[in-house]
Number of protein chains: 4
Amino acid sequence: MLIHLDFQSDIPIYLQLKMQIIEGIATGKLKPGESLPSVRQFAEDLGINLHTVNKTYNLLKQDGFILVHRQKGVVVNPDEGPKVTEEYLTQLHTELRPMIIEAFCRGMSKEEFNKICSQIFLELKEKGEG
Amino acid sequence: MLIHLDFQSDIPIYLQLKMQIIEGIATGKLKPGESLPSVRQFAEDLGINLHTVNKTYNLLKQDGFILVHRQKGVVVNPDEGPKVTEEYLTQLHTELRPMIIEAFCRGMSKEEFNKICSQIFLELKEKGEG
Amino acid sequence: MLIHLDFQSDIPIYLQLKMQIIEGIATGKLKPGESLPSVRQFAEDLGINLHTVNKTYNLLKQDGFILVHRQKGVVVNPDEGPKVTEEYLTQLHTELRPMIIEAFCRGMSKEEFNKICSQIFLELKEKGEG
Amino acid sequence: MLIHLDFQSDIPIYLQLKMQIIEGIATGKLKPGESLPSVRQFAEDLGINLHTVNKTYNLLKQDGFILVHRQKGVVVNPDEGPKVTEEYLTQLHTELRPMIIEAFCRGMSKEEFNKICSQIFLELKEKGEG
DNA sequence: GTGGTCTAGACCACG
DNA sequence: GTGGTCTAGACCACC
């Protein structure tokens, strides 16, 4: 599992890391039940502080993507991960709305917008199958 | 033009304000050429800091949504506003990608996702016509 | 609002602090909408690190006991705080069960146990009214 | 005696084990004088570390739930087990208080709270008789 | 001034 | 060895 962090980005490192781990799970690069590096090991590998990795792990645990096994350490949730909850839909809507407003204001049609989304979906699927 | 700011939100006020002005333009509540309050006036009305309004106006000006005349004050761009530039598309893709990854990981299909987007588009259109 | 921390206790400081703030809210010593000290100020007053206070505040925010207002800083949730959710009931049950098992095993009757609970409830009520 | 350990739980394994043995005694699944597996055997059966079982046994011995004979091995205390001591009451109060404070703060009445406790007591009794 | 993030280095409980 | 907690000190965005 290759991680690339952009230290210049305005997106916090712990979030970049979170998203890339989720991507790994989404594309199947990280299988259910698979072990993740220990906070210390991962931090060293990535050249960041252990607390930053810890924060990422805590968020992922909270969302149900990973579990902290007392013997195996951190593992990808072997059962089904988090689903589309009511809470998640609300959050998604909140995040999506301002983006769509700006797209709309710039004259983008909903078809064009959906096409972009579909394209990203397809990329993920291909990665998963590839 | 009614503005509602959420001081509890983790979205900065200057961004909330920016999005709502863009929404006003998108839905036609703010017509091209229409005047916006002065920085000072707006800040007082909203009960926020003068610098915050300033930051919002600067961003909107930079994107081409508004014009700042030395004499006429701040007005909505009377000509056509910003379009779908290459740069904008890149940014949109960057913002959309992590959201779609998580949606995908939670088992949401691209059809479901597109449906949510379409719905938001329709809401905007209705507001514009209503 | 007087806080007493036991640095020898095996209960983490951030949890001790959390419980005492909740107690303050429960007994009315902290009114809805009232401000709490800034992380730095509070940390200094208590002689602990700012991150510890931060962790406490984050937990309380997550549970809905407090809000982080961009202007006023940290305040007690002015609207109704968190309620008895399904999730909370599950957690309560999980925490209560082992305690009751041991009490049962030591020959304590459910009447005796309930009496102790009721007593604690009454203490809280009196504090709230007093 | 069936033991189920949750390696994902934030409750240490040695405590989970302790509670389940106490529950066995409480419900009569473990009779006074009955033998418990040796540390080594138990650890192997449960797939956990030998030290973990040891720690559990030490705690149970300390509380008077079990006896450790040099020759007979580990047995459930054949005489009456631990009672409601002054010390135990203090500890119980200390553990119960923060839980009740939060329940109170969430608007739970002492009747509702007692009902939950009573329910757990009844479950135990039924298990004991069943 | 505020909270949010990151780093560095330490100790502890658990297994 | 692991994760959890705490400290100390720094920089940043926001207001």
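Chain letters run A, B, ... following the sequence lines, proteins first, then strands; residues in each count from 1.
- To the nearest 0.5 angstrom, C:I66 atom CD1 is 8.0 Å from C:N58 atom CG.
- Remark: A:R97 engages B:E23 in a salt bridge (Lys or Arg N to Asp or Glu O under 4.0 Å) (not counting sequence neighbours).
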**Study point:** Per-nucleotide protein contact string for nucleotides 5-15 of chain F (B base, S sugar-phosphate only, - none; heavy atom under 4.0 Å)
**Key:** BBBBB-B--SS
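- For the side-chain hydrogen bond (donor to acceptor under 3.5 Å, both in side chains) condition, no pair includes a residue of residues 2-11 of chain C, sequence neighbours left out.
- Taking atom CD on C:Q41 and atom C1' on E:dG1, their separation rounds to 12 Å, with Å as the unit.
- In this structure, A:K72 reaches neither bases nor backbone, as no heavy-atom distance under 4.0 Å exists between it and the strands shown.
- Residues meeting the ring pair (Phe, Tyr, Trp, His ring centres under 6.0 Å) test with D:H93, sequence neighbours left out: none.
- Partners of A:D63 under the side-chain contact (heavy atoms from CB on, under 4.5 Å) rule, at least two apart in sequence or in another chain, are A:K18, A:F65, B:E102, B:R106.
- Consecutive Watson-Crick or G-U pairing (both distances under 3.5 Å) extending over three or more pairs maps onto DNA chain F as E:1-14 with F:1-14.
- Under the rule for a side-chain contact (heavy atoms from CB on, under 4.5 Å), the partners of D:K55 that lie at least two apart in sequence or sit in another chain are D:Y14.
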Only distances under 3.5 Å count here; give the side-chain donor-acceptor pairs of residues 31-44 of chain A to other protein atoms, sequence neighbours excluded, each with its distance to 0.1 Å.
| from | atom 1 | to | atom 2 | distance (Å) |
| --- | --- | --- | --- | --- |
| A:K31 | NZ | A:G28 | O | 3.0 |
| A:E34 | OE1 | A:K31 | N | 2.9 |
| A:S38 | OG | A:Q41 | N | 3.0 |
| A:Q41 | NE2 | A:D45 | OD1 | 3.0 |

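- Rounded to a whole Å, the CD atom of B:Q8 is 15 Å from the C1' atom of E:dT2.
- For C:Q62, the side-chain contact (heavy atoms from CB on, under 4.5 Å) partners are A:Q62, not counting sequence neighbours.
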